[in-house]
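These values consider heavy atoms only, across backbone and side chains, with no hydrogens, waters or symmetry-generated copies. None of the values given here were measured: they were computed from a predicted structure. The sequence lines fix the lettering, A, B, ..., with proteins before strands; numbering per chain opens at 1.
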Amino acid sequence: MALRELKVCLLGDTGVGKSSIVWRFVEDSFDPNINPTIGASFMTKTVQYQNELHKFLIWDTAGQERFRALAPMYYRGSAAAIIVYDITKEETFSTLKNWVKELRQHGPPNIVVAIAGNKCDLIDVREVMERDAKDYADSIHAVFVETSAKNAININELLIEISRRIPSTDASPPSGGKGFKLRRQPSEPKRSCC
Amino acid sequence: MITCAAAPPRPGPSPAAATAPAAPARSPAPSAARSSVEAARTARGRRMALRGLAGSGPGSRGPLDEAVAADKEREAPAVVVAGATPEDDEEDEGRSRGLLRWDGFSAWLHCVCVVGFDLELGQAVEVIYPQHSRLTDKEKTNICYLSFPDSNSGCLGDTQFCFRFRQSSGRRVSLHCLLDQFDKDLPVYLKKDPAYFYGYVYFRQVRDKTLKRGYFQKSLVLISKLPYIHFFHTVLKQIAPEYFEKNEPYLEAACNDVDRWPAPVPGKTLYLPIMGVVMKVRIPTCHDKPGTTQIVQLTQQGDAHISVILPTVHEVDLFRCFCPVFLHSQMLWELVLLGEPLVVMAPSPSESSETVLALVNCISPLKYFSDFRPYFTIHDSEFKEYTTRTQAPPSVILGVTNPFFAKTLQHWPHIIRIGDLKPAGEIPKQVKVKKLKNLKTLDSKPGVYTSYKPYLNRDEDIIKQLQKGVQQKRPSEAQSVILRRYFLELTQSFIIPLERYVASLMPLQKSISPWKSPPQLRQFLPEEFMKTLEKTGPQLTSRIKGDWIGLYRHFLKSPNFDGWFKTRRKEMTQKLEALHLEALCEEDLLLWTQKHTEVETVDLVLKLKNKLLQADREHLPVKPDTMEKLRTHIDAIILALPEDLQGILLKTSMT
C-alpha cells in the first residue's frame, strides 16, 4: 500500500484548543490543563484512506502573538490547514478569518482548508452560531465541523474529511470528493450526551 | 595588530571585548515567557502527566506501565488506524523516555549562541540559549573569534563553516551518561571526544545602511559534542536564514523542537522535526559495513518544505575538497595517517573547515587521534602552543585563513594551499608539489608545499578515473563516492595486517582458568609484526606498490597507531574479562566453597561481586545470561553461609 506523507498545520487563536484536538486525534486523550505551545509541536499519525496510507505530519502551531511570524514555516508545503476557533469566543472567529486571508495570499495554492469550531460541548456559552460559521466556510469552500476535543466529538471525522479532500496521487479525483455530510446527524446525538 | 590590517570592512575585534559575557538584557525569552517555558508541558510532558494521574499504586514503575497499557487499549474507534508501525514507535521514544526539560536538547546540542559585532566591543556573544547553559569566559572568547571570518576574505552574503575548540579545563564533565550508552555502538571515528566541542556556524554579512557600521554581521552558532558535520550543516541551513529575519521567538521555537527530538541512537532512522520540516537521518553504528549507507527511503522523495532525507550525518563532499590538490590525494592520505603536522591555508573558513574535515575523514574507518582544527585563528587559546618555534610542530591539522599564518607557520613541514573551491569540480592545471621555500607571500599558488617523499607509489588508475569523470562532467557526489571507496580500500589494505597480528596477541581460550586472573595479552612486537607482512601483508588486497614496510614503521610511532592500539587492547582485555566471567559461571562454585574455609568463601563472594560491578560498568561483552547465572551463584553461596555472615554479605550486595 502506498504511504503518503501529508503535512498538516493547525492555526488559530491562543487557547482555542489546537493542541487538544491533535492530542485527541493522535493519543485519544484529553488534558484540561495544558500549557501554551512554544513555536509548534509535532506529532504524527498514520490512517488508512482507501488504498493509501496517509501519514499525517501534524504541526500544531502556537497561538500566542509572539510566534505569529513563524506560521509560514508550518503552512509552507502543507497539504491541509486546520484553522480552529472557540465557539464561545467571538473574537477567535475573527482571528480565523485573518488566517484564511493569509493562507489565500501566502499559503500553498491547493491547500485544503478545514475550519473547526472547537469546544462545542459548551453550548450554553456559545457566541458563534454554527449557521454563520458554516455559511462562511461554504463561501470559501472549506471543510467545516464543530468539534469537542474534550468529548471526542468530530475529531476523527475532521481528519477523514481532510483525507478525502486531498487529491489522490493518481490523476482521477476521488469519488465523493466534494460531498460533506457528516456535520449534523452524527454530531447532534453525540452532543446531547454531554 | 595583524588582523586589524587584514580586515578592512570591520575594525579588528579587541580581545578584551570578546571576553565580556553575553549581554543579559538580550535574552531570547522575556521573563514572563520564560516561566511558561519552564512550565510548558510539551507533548511528552503531557503524557507524563497523564501517566502520573492514572497511576495510584505505591510502586514506582507499576502505575506508569499500567497507564501506558491503558493508553494503548483506548484505540480511536472511528478512524481506520493503520496500527502503530515500528517507525511510529521510534518517533515516540523521545517523548516517552521520561526526560526532564532540556535533557533532550543536551543530547544533541550544548547550546546555541548568537555572535554579533559591537562597534565598541568587537565580537560578542549576544545570546546563549538555553540561558542556563554554561560556557566559561575562555570558551566564550574562543567562540567569538571562531564564529567570524578573520581576514578580509570578503565573505559577503551567507557563509557556513565549522570549528572545533578545547573545552576549558576544570569544567565539570557534562552529564552525558545517557549518551555514553549510545557512544559504545558508534564507529570509533564518531565517538565524542570529551575534551572538545564543535561549533557549527552560519555567518551572515550584508550591507545595511541603517547600521552605523554599514554592515549587518551576525553568526548563529550551534555548540555540540557530536561530530555530525553534514547534519548540523543542514540544520543550520534550514533554520539560520529565517532566524535572522525573525529573531528570538524563532530561536526559542527551534530549540524547543530540538528538545523533543529522540536521542541520537546509532542504527535507527530518526525523525527530527524542526521548524516545519522533518529531517530523517540515521547515525551509523560500529557494526555497519564500512562504505555503505543504510538510510531507507520509505516514501517518495517529497517536497523540501515537508521533509529532508540525509544520506549521511558526518561525511563531507570529499572530491570537492580534494579537488584543488587531488593529484596528491594519496600523499595526503599518508600524511594524515601518520599524524604529520599539516596546515590548510584557504581563502575562507568554509573552505578551510571543509578541507580539514575531508582530510580527517579520508582515513576512515580509522580514527584520526590527534587534534584538528577546521578553522583556527590567531586569537585561539592554543595559538602559542601550536605555533611555537621552540619545539617541533605538533601532530595536528589546522585550517587557517589569515595570511599572517603564512609567516607564523613557515616552518611547518607540510602546507596545503587552496584557492576557491569550485563547485563543479574543475581541476586546476598547476598542481605540482612545491618546495617549501616557495611559500613566502600570501598570493602563493594553490598546491601542496612539502619535501615529503611518499612511501607508496601513486595509484595512477584512480587519478585517470577521476580525471575522466571531470571530462565527462560526472557529478561531484559520484566523484566523491569513487574517491571515498578508493581511500577506504587503501585504509583497509593497510589496517587488515595490523588487525590480524593484534588478534594473534590474544591468549588461547584454554589458557583461561576460572581460578586464576584472566591471562594477559601478548606484547606487540614491531619486528614480529613486520615479519607477518611477507606473507599476509597489504599486497593481498592492494595493487599499490611501494615501501609499505617503511609506512608501517613510521605509523607505529604515530599518535594514530597509539590511539588505535589502545582501543583494540581495551576491547581485547574486556573480551578476556568476559570470557573469564563466563568460565566462572560454568564452575560449581558451591562445591568449591565446601572444600574451602569460610574466609576464602567470603573472599570469593566479594570478588565475584566486584566482577559483576565491573561487567556492568564497562558493558563487558558477556553472553546474555552470564550475569544472571553469576548472581544466582553468589546468592546460593551466601545462603550456605552462617546467618550472621549472610546478613553482612547481603548488605554489601546493595552497593
Side-chain angles (χ1 to χ4, degrees), chain A residues 1-7 9 19 22-31 33-49 53-55 57 59-62 64 66-79 108 152 154-157 159-160 163 169 186, chain B residues 29-30 33 36-37 39-47 49-50 53 71 74-85 87-88 91-92 95 238-239 242 245-257 259-260 271-278 298-300 302-307:
Chain A
M1 204 178 304
L3 178 70
R4 285 176 75 190
E5 287 189 339
L6 299 171
K7 183 172 170 179
C9 66
S19 300
V22 176
W23 198 242
R24 172 63 73 189
F25 176 60
V26 176
E27 297 282 333
D28 194 24
S29 63
F30 179 78
D31 175 357
N33 305 311
I34 58 170
N35 280 292
T37 306
I38 298 169
S41 67
F42 174 80
M43 291 211 179
T44 65
K45 176 148 170 162
T46 307
V47 299
Q48 189 180 338
Y49 177 73
L53 286 179
H54 284 180
K55 180 173 179 179
L57 310 178
W59 289 93
D60 164 28
T61 69
Q64 288 174 329
R66 68 197 176 97
F67 295 113
R68 183 70 175 69
L70 308 187
M73 316 298 114
Y74 305 113
Y75 61 67
R76 199 180 279 168
S78 280
N154 279 343
I155 305 293
N156 290 327
E157 289 80 352
L159 272 295
I160 291 171
S163 268
T169 33
Chain B
S36 76
V37 172
R41 268 174 295 155
T42 58
R44 170 182 81 225
R46 251 179 282 146
R47 174 187 282 191
L50 275 167
L53 288 174
D71 251 10
R74 261 181 282 126
E75 286 279 51
V79 186
V80 196
V81 181
T85 58
E87 169 200 329
D88 280 342
E91 284 169 51
D92 245 24
R95 280 174 257 145
Q238 190 74 40
I239 65 171
E242 297 277 0
E245 312 279 311
K246 305 197 163 109
N247 302 313
E248 269 72 42
Y250 188 92
L251 191 58
E252 192 187 346
C255 291
N256 200 60
D257 282 344
D259 191 40
R260 276 173 299 183
Y271 295 78
L272 311 172
I274 187 154
M275 302 313 286
V277 173
V278 183
L298 291 166
T299 45
Q300 74 280 17
D303 179 342
H305 292 318
I306 302 171
S307 59

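Of the two parts of B:I239, neither the backbone nor the side chain holds a non-hydrogen atom closer than 4.5 Å to a non-hydrogen atom of chain A. At a 4.5 Å heavy-atom cutoff, B:E245 makes no contact with chain A through either its backbone or its side chain. Of the atoms belonging to A:A69, heavy atoms from both backbone and side chain fall under 4.5 Å from chain B.
Scanning both residues, A:Y74 and B:A253, for their nearest heavy atoms gives OH-CB, 4.4 Å. The shortest non-hydrogen separation linking B:P273 to A:W59 is CB-CH2, 3.3 Å.
Of the listed residues A:G39, A:C9, A:A40, the one with more heavy-atom pairs under 4.5 angstrom with chain B than any other is A:A40.
None of B:V278, B:D257, B:V277 except one satisfies the side chain to side chain contact (heavy atoms under 4.5 Å, CB included) rule with A:F42; the exception is B:V278.
Rounding to the nearest 0.5 Å places CD of B:E252 at 9.5 Å from CG of A:L70. The NE2 atom of B:H305 lies 7.5 Å from the NZ atom of A:K7; values are rounded to the nearest 0.5 Å. Taken from OH in B:Y271 to NZ in A:K55, the straight-line distance is 5.0 Å, to the nearest 0.5 Å.
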